[in-house]
J.: 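The following block contains the structure, expressed as structure tokens.
In what follows, chains are A, B, ... by sequence order, proteins preceding strands, each numbered from 1. No hydrogens, no waters, no symmetry mates; every other heavy atom, side chains included, goes into these values.
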Amino acid sequence: MNKYRTHNCNELRKKNVGNKVILSGWINKKRDHGNLLFIDLRDNYGITQCIIDKENTSFESLEKTQLETVIKIEGDVIDRSKDTVNKEIDTGEIEVSIKNFKVLGTCKELPLPVFSDQEYSEEIRLRYRFLDLRRKKIHENIILRSKVISFIRNEMNNLGFLEYQTPILTSSSPEGARDFLVPSRLNPGKFYALPQAPQQFKQLVMVSGFDKYFQIAPCFRDEDARADRSPGEFYQLDLEMSFVEQEDIFNVIEALFVKTFKKFSSKKLVSNKFPRISYKESLLKYGTDKPDLRNPLIIHEVTEIFSREDVSFDIFKKLIKSGCNVRCIVTKNTKDKPRSFFDGIDKWAKDQGSSGMAYFTLENEREITANGPIGKFFSRESLKDIMKKTGAKVGDSIFFACNKKEELEKITSLARTKIANELKLISENTFAFCWIVDYPMFEKDSLTNEIKFSHNPFSMPQGNIDDLNFNEPLDILAYQYDIVCNGIELSSGAIRNHIPELMYKLFSIVGYQKKEVDQKFSGMINALSYGAPPHGGIAPGIDRIVMLLANEKNIREVTMFPMNQNAEDLMMNAPSVVNEEQLKELNLTLKIKK
RNA sequence: GGGGGUGUAGCUCAGUUGGUUAGAGCGAUCGCCUGUCACGCGAUAGGUCGAGGGUUCGAGUCCCUUCACUCCCGCCA
């Protein structure tokens, strides 16, 4: 028999009454009645109430034992009278009468209470992460994460994928995020880089003929953090398949996600088949390439209307002449909303740094009219035109914004969210997935005006390769796609370009000579020259999937030992200075700016 | 690199227009209490008001600088 426990703290039930048991765990809570002491003993599995009274010789020392001390108790399982049953816990029908106890691990005065619903500063949580992790909510989140990952592994196996490890110490890549570098002792002056993703390796796995690869892969990027983005490191469900088209990848992910999200959340999926939305359409209708489809509001392009002669809204007319567009958002049945609602949106838009949002409400007083600050500028005919273009009906209101395209997308996207929140149009109890497809291969850098890859340079361009018009690179679309859920980008993916000649061609458009491509991507290009299968894949972020399932807004809530915003581990004191010896061995000298 | 928020007891927070000795709950320590499950009651200890500088007769409160944490922009092919 194990000397620490016969049962865990969530195991004992009515049928165990009369058993002699041994339990070990943390003192979660004490309720001291002077001559009678209740102890909630907690372990990973749950809580068991233990009880001891003054008659027992251990009483006094147990009474003085700190919360969060680890103890072992021996005792008898006893029945609870009906009026003392605790329905909140699984073991609530019984309790353990303590015969004797032993301290297994003492506990100093706590820097933060473990048994409490209070919120604490991030600093103290991260410094004492091992205490923070004992708390119920985050403890359960971490267990959920584990279960989700093992479920995904299992499903991937079922779908015919095999898991392969790829190197952690690899070479620095010229494109993309900043690399974390690791100095090489054996090769003075040279550095390894930690992989930003196993992108090139998984393609090499395909070239090696393994057909279906996946990995729960750690990825390292030296970029600044956000609430939904860990600094430094995160995990992807990295996968790649040979001899596939875009739809084959979609089918795998849809099958996997539908199963996973149904299993681990009670929220409803809007549909099992995720809608495909082109990048262009998404920017127009939602102002972003990660639309929250729970939000029913849609953005309409209405520049034309403001150019009509019977519309006299001169401010917009002037802006349009200088290259601006007008887009609008229709809100259903808002004619009775107070003036403060409309002005609030306008003021909010101005606070966002835009020129605000003009609005009116459509009413029918013998004929169609537009009520609101800019209503008077519109003829009856122009209003009918607007209604036709936007689907707006009498009783609806319309918010207009006018700006240069990029600014316009930004503000209408934010406004779409803002207005929907104000009108409570977003259902918290659903997952709305979608695919964003048909990303452009290239884009123009807004600062330098140079052509650059808009996403992954290794993506396959769409269309017949022989017919591609390389003179109009901005028109070339790629088999490049994102999957988005509730406005959160879970992943990008692509069908890869496995044809070296085509790759040289595409790189030449952004100004790379063949030689440079050979140099910078030697491993890839070389491999693709020896019989590469058509292949493609995707890499959904594990942390964000778990965030959605756990209903958390911050990635630290689903990460066991996260770093803070400055990419420091306050508990382990990383990063830290190293001694001269270590530096010397690595042929490094430090030059630190003061 | 830039912008916003926060910083007062071990923890969570209050602190009025700048005005006497900076408070509460939880926790800690001590005492009382045999059916609690956020047990109850009483007492005690615990403070560089993040730090530095300034204005003022007087600063937790106003100003400047700085640090820490956090959210956002940039960045994240």
J.: Can you check the distance between B:rG52 and B:rC67, where both ends of the measurement are the C1' atom (answer in whole Å)?
T.: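 Pairwise C1' distance, B:rG52 against B:rC67, rounds to 10 Å.
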J.: Using a 6.0 Å distance limit plus a 45 degree cone around the ring axis, check whether A:Lys505 lies over the aromatic ring of A:Phe470.
T.: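 So A:Lys505 does make the cation-pi contact.
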J.: Answer yes or no: is there an ion pair linking A:Asp32 with A:Lys30, defined by an N-O contact shorter than 4.0 Å?
T.: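 Salt bridge between A:Asp32 and A:Lys30, a charged N being under 4.0 Å from a carboxylate O: no.
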J.: May I ask you to verify if any side-chain N or O of A:Lys29 is less than 4.0 angstrom from the OP1 or OP2 atom of B:rG27?
T.: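 Indeed, a polar side-chain atom of A:Lys29 lies that close.
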J.: Quiz question: going by heavy-atom distance under 3.5 Å, is there a donor-acceptor pair between the base of B:rU36 and the side chain of A:Gln49?
T.: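 Indeed there is one.
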J.: Between A:Arg31 and B:rU36, is there a contact of a side-chain N or O with OP1 or OP2 at under 4.0 Å?
T.: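 No, outside the criterion.
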J.: May I have the distance from A:Ile52 (atom CD1) to B:rG35 (atom C1'), rounded to whole angstrom?
T.: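 So the two atoms are 15 Å apart, to the nearest Å.
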J.: Should A:Asp543 and A:Arg229 count as an ion pair when the cut-off is N to O under 4.0 Å?
T.: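 So A:Asp543 does not pair with A:Arg229 through a salt bridge.
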J.: By nearest atom, which of the nucleotides B:rC76, B:rU12, B:rA28 is closest to the A:Gln66 side chain?
T.: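 For the A:Gln66 side chain, the nearest candidate turns out to be B:rA28.
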J.: Using the C1' atom on both, measure B:rU6 against B:rG60 and round to a whole Å.
T.: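 Going atom to atom, C1' in each nucleotide, I get 15 Å.
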J.: What contact category does A:Lys54 fall into here, base, sugar-phosphate, or nothing, at under 4.0 angstrom with non-hydrogen atoms?
T.: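 Contact class for A:Lys54: none.
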J.: Would you mind classifying the nucleic acid contact of A:Glu119 as base, sugar-phosphate or nothing, using non-hydrogen atoms under 4.0 angstrom?
T.: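 A:Glu119: backbone/sugar contact only, no base atoms under 4.0 Å.
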J.: Can you see whether A:Tyr213 has A:Lys202 sitting over its ring - NZ or CZ less than 6.0 Å from the centre and within 45° of the normal?
T.: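 No, cation not above the ring by the 6.0 Å, 45° rule.
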J.: With sugar-phosphate meaning primed atoms plus P, OP1 and OP2, does A:Ile124 contact a base, only sugar-phosphate, or nothing at under 4.0 Å between heavy atoms?
T.: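 It contacts sugar-phosphate atoms only.
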J.: Taking the same atom, C1', in B:rG40 and in B:rG25, what whole-Å distance lies between them?
T.: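 Comparing C1' positions in B:rG40 and B:rG25 gives a spacing of 15 Å.
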J.: Whole Å only: how far is the CG atom of A:Asp289 from the P atom of B:rC76?
T.: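 Nearest whole value for this atom pair: 14 Å.
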J.: In whole Å, measure the gap between the C1' atoms of B:rA14 and B:rC26 for me.
T.: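 B:rA14 and B:rC26 have their C1' atoms separated by 15 Å.
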J.: Given the C1' atoms of B:rA45 and B:rG50, what is the spacing between them in whole Å?
T.: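 The answer is 24 Å between these two C1' atoms.
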J.: Counting just side-chain N and O atoms, does A:Lys64 come under 4.0 Å of either OP1 or OP2 of B:rC30?
T.: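 No, A:Lys64 has no side-chain N/O under 4.0 Å of OP1/OP2 on B:rC30.
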J.: With rounding to the closest Å, how many angstrom separate the P atoms on B:rU21 and B:rC49?
T.: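 Each nucleotide's P atom is 15 Å from the other's.
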J.: Using a 4.0 Å cut-off on protein heavy atoms (strictly under), produce a 5'-to-3' string for nucleotides 67-74 of chain B with B for base contact, S for backbone-only sugar-phosphate contact, and - for none.
T.: -SSBBSBB
J.: Please map the stems of RNA chain B, keeping only stretches of three or more Watson-Crick or G-U wobble pairs with both distances under 3.5 angstrom.
T.: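 Stems for RNA chain B, defined as runs of 3 or more consecutive pairs: B:1-7 with B:67-73, B:10-13 with B:23-26, B:28-32 with B:40-44, B:50-54 with B:62-66.
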J.: 5'-most contact on RNA chain B: A:Gln118 or A:Ile78, nearest heavy atom basis?
T.: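 Its nearest nucleotide being more 5', the pick is A:Gln118.
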J.: Quick check on RNA chain B: between A:Val85 and A:Phe458, whose nearest nucleotide comes earlier from the 5' end?
T.: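 Mapping each residue to its closest nucleotide by heavy atoms, the 5'-most match is A:Val85.
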J.: Would you check if A:His33 stacks with the base of B:rC39, given a 5.5 Å centroid limit and a 30° plane limit, both strict?
T.: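 Stacked: centres under 5.5 Å apart, planes under 30°.
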J.: With rounding to the closest Å, how many angstrom separate the P atoms on B:rA68 and B:rG42?
T.: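 Here B:rA68 and B:rG42 have their P atoms 44 Å from each other.
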J.: Step by step, would you call A:Glu11 with A:Thr91 a side-chain hydrogen bond (donor to acceptor under 3.5 Å, both in side chains)?
T.: CA-CA 7 Å; A:Glu11 230 177 331; A:Thr91 60; over 6 Å; no
J.: Run the ring-centre check on A:Tyr481 versus A:Tyr439 and record whether the distance is less than 6.0 Å.
T.: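 No, the ring of A:Tyr481 stays outside the 6.0 Å limit from the ring of A:Tyr439, centre to centre.
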J.: For the pair made of OH in A:Tyr120 and P in B:rA9, what is the distance, rounded to whole Å?
T.: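 The distance from OH of A:Tyr120 to P of B:rA9 comes to 16 Å, rounded to the nearest Å.
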J.: Mind checking if A:Pro457 touches a base, just sugar-phosphate, or nothing, with heavy atoms under 4.0 Å?
T.: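 Contact class for A:Pro457: base.
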J.: Using the C1' atoms only, state how far B:rG10 lies from B:rG3, rounded to an integer number of Å.
T.: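 Taking atom C1' in both B:rG3 and B:rG10, they lie 34 Å apart.
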J.: Do the charged groups of A:Lys418 and A:Glu422 touch, with an N to O distance under 4.0 Å?
T.: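 Yes, A:Lys418 and A:Glu422 are salt-bridged.
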J.: Quick check: closest heavy atoms across A:Leu23 and A:Asn8, and the distance to 0.1 Å?
T.: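 What the structure gives for the nearest pair is CD2-O, 3.8 Å.
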J.: Hey, does the side-chain of A:Glu95 have a donor or acceptor N/O within less than 3.5 Å of a partner on the base of B:rG35?
T.: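 When only heavy-atom distances are counted, A:Glu95 does reach the base of B:rG35 through a donor-acceptor pair under 3.5 Å.
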J.: Are the ring centres of A:Phe38 and A:His33 closer than 6.0 Å?
T.: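 Ring centres of A:His33 and A:Phe38 closer than 6.0 Å.
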J.: Please determine if A:Glu123 and A:Arg127 form a salt bridge, counting it only when a charged side-chain N lies under 4.0 Å from a carboxylate O.
T.: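 Yes, A:Glu123 and A:Arg127 are salt-bridged.
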J.: When you check the gap from the basic side-chain N to the acidic O, do A:Glu95 and A:Arg80 get nearer than 4.0 Å?
T.: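 Salt bridge flag = yes for A:Arg80 with A:Glu95.
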J.: For A:Ile47, which contact category applies under a 4.0 Å heavy-atom criterion: base, sugar-phosphate, or nothing?
T.: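 The residue A:Ile47 makes no contact with any strand.
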J.: Rounded to whole angstrom units, what separation is found between the CG atom of A:Asp32 and the P atom of B:rG35?
T.: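 Roughly 12 Å, once rounded to whole Å.
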